[in-house]
Amino acid sequence: MKKLTLAGLCLLATQCAAPARFDARGVPLETPQQRDARMEWWREARFGMFIHWGLYAIPAGKWGSHDQHGEWIRETARIPLEEYLPLQQQFDPRHYDARAWARLAKQAGMRYVVITSKHHDGFSLYDSALSDWDMGGTPSRRDLLGELQAACAAEGLRFCTYHSIMDWHHPDYLPRRGWEQRSAEGAQFPRFVEHLHAQVAEIVARYQPAVMWFDGEWESTWTHELGVQLYAHCRRLAPQMIVNNRVDVHRGGMAGFSQSSEAVGDFGTPEQEVPAQGLPGVDWETCMTMNDHWGWCAADANWKSLRTCIRTLVDVASKGGNFLFNVGPRADGTFPPEAIERLAGIGRWMDVNGAAIHGTQASPLGAPSFGRCTSRAIDGGTRLYLQVYDWPANGELLVPGLGNDARGAHVLATGAPCAVERRGDALAVRVPAAAPDPDVSVVALDLVGAPIVYAAPTIEAPTSLVVGELEVRVSGGKGLELRVTTDGSVPTIESPIVRQLIRLTGSTTVKARAFHLGRAVSAVTERVFTAAEPTQGFDQPGSTTPGVLISAWPGDFDRLPPLPLAAADAAERISHAEFALPAALRREHVAATFQSMMYVPEAAAWVFELSSDDGSRLWIGDQLVIDHDGLHGTSAKQGELALGAGWHPVRVEWFNKGGGAELGLRRAKAGQPLTVVPTAALRAPAPPGSPR
Ligand code: FHN
């Protein structure tokens, strides 16, 4: 096949329709209405299929004595390139039937499919004009992407592509894997970026993906500036194409929401998790595996139950998000039977309940006690889809804190009508004795007008620790009376109305409830405050060395090991100005402690925020203040402690497995803004064995 030149491709790409106007970054200007129009199909879809497929499916997770590898097998099994290359000749997707895949997705109620055009191993699932590490070099030479694109079109699904920025194959990609011998001599990362842009242009020109789903953006060579350039490139190539936020470097680890107002990308990408709540006005999509691996791993039998699959879909939709559920096909092009079984089960549920997912909005009333809720506007009112996990034994569903009159209700799956009556602040829906579904039963409740939600009051305070005294603010909906108790009892119409701050001087349970026209109209909010005696500080730090003493040990950890590691005297010692990573520690397979005496200027409740990639813990004295252990991208966790004035021993434990590495510690007296702990407030201990 004649190879297009790089210049030819880019010229081809720019001839695609490009919008006339751009911002200073080269990103096409777009009004909110234009953005809504571009996102409309995606927001309506709510549910898609993720497909991780490639050469890594051939070993099926097994390499040597280990059989739990996945799509990262080249990295996790440390396979030198020359040992990985032969997989290209072994790749024989002889049973690949793209139409069957598209049908399975459609029957499951999925509206779009995102397939890996190239994962981290750099192998392209089509015959690229820009690479020989692609399907063109396999026995079948099949255009796997093209076949699926056609199948999706035939089934009325949107075809989308996942493209990894990180590339363990391309000679110009940097950094190399820490363990591999392959020389980086002559590698030019800017040349890789050109290649990346050209390959994206090639994919857009050939397959017109509706979404470009980037990933692998976390390594030190990829920057915000490069992300903006690639986003602008995509948007100019295909102005209607949607691009996720992993094109940029701000996705905040597995939580997946952009951490910067400068960040580009059209939707957030929480991974393997569902956020506690959605963010109004922010588009996001949770991606998740069906077992524990993205790529095919034959030994991974930890398949999610059908109930978990359905309830995760419901949970995501109830928070206004999309759910991208993954299948890792086998090397021969077949789906694992366990995946087919779950897709069919979800499809049976969606056949009768799909209206409660597709085209819905987030719950206007949070997560009700019986399960979840989604909603949509209907003529002159609102339809709530009550997604019931626990079917009421007494035949009555209570929907609290709702001021609307009801127009009616019915069981979505059967159409059976349900009587509705007002019960104080709640609407009571009479439901049949038997739940229509074992996992999630849906009752449609129609309201007059837009939802009038008597949200439970909020109880705001900078800390839950009472050191001396603490001011607490109770706030709630306009026009409502907020009644409060401080003895742990449930507020009644007799309880005092709160009109200003509440001053606490000891341990107190504060409960608040909204009242309207003499009746309770919200659920009860509760917050427990605990009196705390500040931990006394030392008068002296016992050291004159500013900063932090870091002790580091090599090792491949999945969680924080007991630190210091056994041979504490064998540690690598680094002095550093603050609780942060020196350049020498921005590496993989390492654990470390960061020790210092920290000066606290006054007795108070102090809030700490520990951010890390991967896991970390914060100890002050012998108290564990924050436990942020685990394998995760950069994310932060807070904790609080009552501290007296003086010097306090602080120890941070941290490890990094692979990918990016981060560590940061901030503090604030409760109610003040968090700031990095200044070097002037830190004194590093002498390394063990130093002369006294
Ligand atoms: O490293 C990848 C992983 O292999 C997989 O593709 C997931 C799916 O979003 N993304 C990255 C891990 O965050």
Side-chain angles (χ1 to χ4, degrees), residues 50 52-56 69-81 84-85 87 114-125 128 130-131 133-134 161-180 182 184 187-200 202-203 212-231 233-234 243-254 256 263-265 269 271-272 287 293-295 326 586-589 613-614 631-634 656-662:
F50 214 171
H52 278 69
W53 197 28
L55 302 183
Y56 43 76
H69 298 290
E71 71 291 348
W72 271 65
I73 191 167
R74 167 119 200 275
E75 161 72 13
T76 52
R78 298 191 173 189
I79 304 170
L81 192 56
Y84 196 78
L85 290 174
L87 293 178
V114 181
I115 186 169
T116 48
S117 50
K118 182 193 78 160
H119 203 260
H120 308 331
D121 64 359
F123 183 79
S124 298
L125 265 62
S128 169
L130 297 146
S131 166
W133 184 231
D134 61 9
T161 48
Y162 161 116
H163 202 73
S164 176
I165 293 165
M166 178 166 66
D167 188 315
W168 300 332
H169 182 91
H170 195 283
D172 283 327
Y173 181 83
L174 294 170
R176 292 282 190 267
R177 300 309 90 202
W179 49 267
E180 70 174 324
R182 190 163 60 113
Q188 293 180 27
F189 193 74
R191 200 164 51 195
F192 169 77
V193 173
E194 269 187 41
H195 163 79
L196 175 65
H197 278 235
Q199 201 169 37
V200 164
E202 179 182 59
I203 290 168
M212 186 58 88
W213 211 102
F214 288 107
D215 200 14
E217 82 293 353
W218 54 80
E219 294 206 305
S220 55
T221 43
W222 194 252
T223 66
H224 168 63
E225 290 68 30
L226 289 173
V228 171
Q229 288 167 20
L230 184 54
Y231 179 74
H233 179 56
C234 288
V243 182
N244 75 344
N245 71 344
R246 297 190 187 186
V247 68
D248 200 343
V249 294
H250 292 296
R251 67 154 147 137
M254 301 305 236
V264 290
T269 52
E271 178 172 325
Q272 302 287 38
C287 59
H293 289 80
W294 297 100
N326 183 74
R586 288 188 175 282
R587 64 179 198 246
E588 303 179 331
H589 305 132
D613 174 354
D614 284 299
L631 278 177
H632 51 69
T634 303
N656 185 41
K657 184 178 182 71
E662 281 304 336

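This chain uses plain numbering: 1 for the first residue, then up along the sequence. It should be emphasised that the depicted structure is a prediction, and the values quoted were computed from it without experimental measurement.
- Interatomic distance, CD of E588 versus CG of D614, reported as 10.0 Å (0.5 Å rounding).
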Are N244 and Y162 close enough, and set up right, to give a side-chain contact (heavy atoms from CB on, under 4.5 Å), and what steps lead you there? CA-CA 10 Å; N244 75 344; Y162 161 116; over 6 Å; no
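- With sequence neighbours left out, Q229 forms a side-chain hydrogen bond (donor to acceptor under 3.5 Å, both in side chains) with no residue at all.
- In this structure, N656 contributes its side chain and R587 its backbone to a donor-acceptor pair below 3.5 Å.
- Distance check: T116 OG1 to W294 CH2 gives 11.5 Å after rounding to the nearest 0.5 Å.
- N245 meets the side-chain hydrogen bond (donor to acceptor under 3.5 Å, both in side chains) test with S258, T269; sequence neighbours excluded.
- Every side-chain hydrogen bond (donor to acceptor under 3.5 Å, both in side chains) that W133 has, sequence neighbours left out, goes to H169.
- Nearest heavy atoms, C234 versus V243: CB-CG2, 3.8 Å.
- Minimum interatomic distance between R246 and E217 (heavy atoms only, all atoms of both residues): O-CB, 3.1 Å.
- Shown here are the salt bridge (charged side-chain N to carboxylate O under 4.0 Å, His left out) partners of D167, two or more places apart in sequence or in another chain: K118.
- When all heavy atoms of A187 and P171 are compared, the pair lying nearest together is CB-O, 3.2 Å.
- Under the rule for a side-chain contact (heavy atoms from CB on, under 4.5 Å), the partners of H632 that lie at least two apart in sequence or sit in another chain are S612, H628, S635.
- Here D215 contributes atom CG and I165 contributes atom CD1; the two are 8.0 Å apart, rounded to the nearest 0.5 Å.
- Scanning for salt bridge (charged side-chain N to carboxylate O under 4.0 Å, His left out) contacts around E75 gives an empty result, with sequence neighbours left out.
- Here the straight-line distance linking atom NE2 of H52 with atom CD of E71 works out to 5.5 Å at 0.5 Å rounding.
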For the pair D121 and Y56, evaluate side-chain hydrogen bond (donor to acceptor under 3.5 Å, both in side chains) and give the outcome as yes or no after the intermediate values. CA-CA 8 Å; D121 64 359; Y56 43 76; over 6 Å; no
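- Listed by chain and residue number, nothing satisfies the ring-ring contact (aromatic ring centres under 6.0 Å, His included) test with W222 (two or more places apart in sequence, or in another chain).
- In terms of heavy-atom proximity, N326 sits nearest to H293 at ND2-O, 3.9 Å.
- Taking both residues in full, the closest heavy atoms of L196 and L230 are given as CD2-CD2, 3.9 Å, listed atom of the first, atom of the second, then distance.
- Checking side-chain atoms of R74 against main-chain N and O of I79 turns up a donor-acceptor pair under 3.5 Å.
- With sequence neighbours excluded, the residues satisfying side-chain contact (heavy atoms from CB on, under 4.5 Å) with T221 are Y173, L174, P175, F189, E219.
- Heavy-atom minimum distance, G216 versus S164: CA-OG, 4.3 Å.
- S117 and H163 share a donor-acceptor pair across their side chains, judged by distance under 3.5 Å alone.
- Partners of S124 according to the side-chain hydrogen bond (donor to acceptor under 3.5 Å, both in side chains) rule, which considers only residues two or more places apart in sequence or in another chain, are Q199.
- Here the CE atom belonging to M166 is positioned 10.0 Å from the CZ atom belonging to F192, to the nearest 0.5 angstrom.
- Not counting sequence neighbours, the partners of D248 by the side-chain contact (heavy atoms from CB on, under 4.5 Å) test are H224, H250, A263, V264.
- Qualifying salt bridge (charged side-chain N to carboxylate O under 4.0 Å, His left out) partners for D172, counting only residues two or more places apart in sequence or in other chains: R191.
- With sequence neighbours excluded, the residues satisfying ring-ring contact (aromatic ring centres under 6.0 Å, His included) with W72 are H120, W168.
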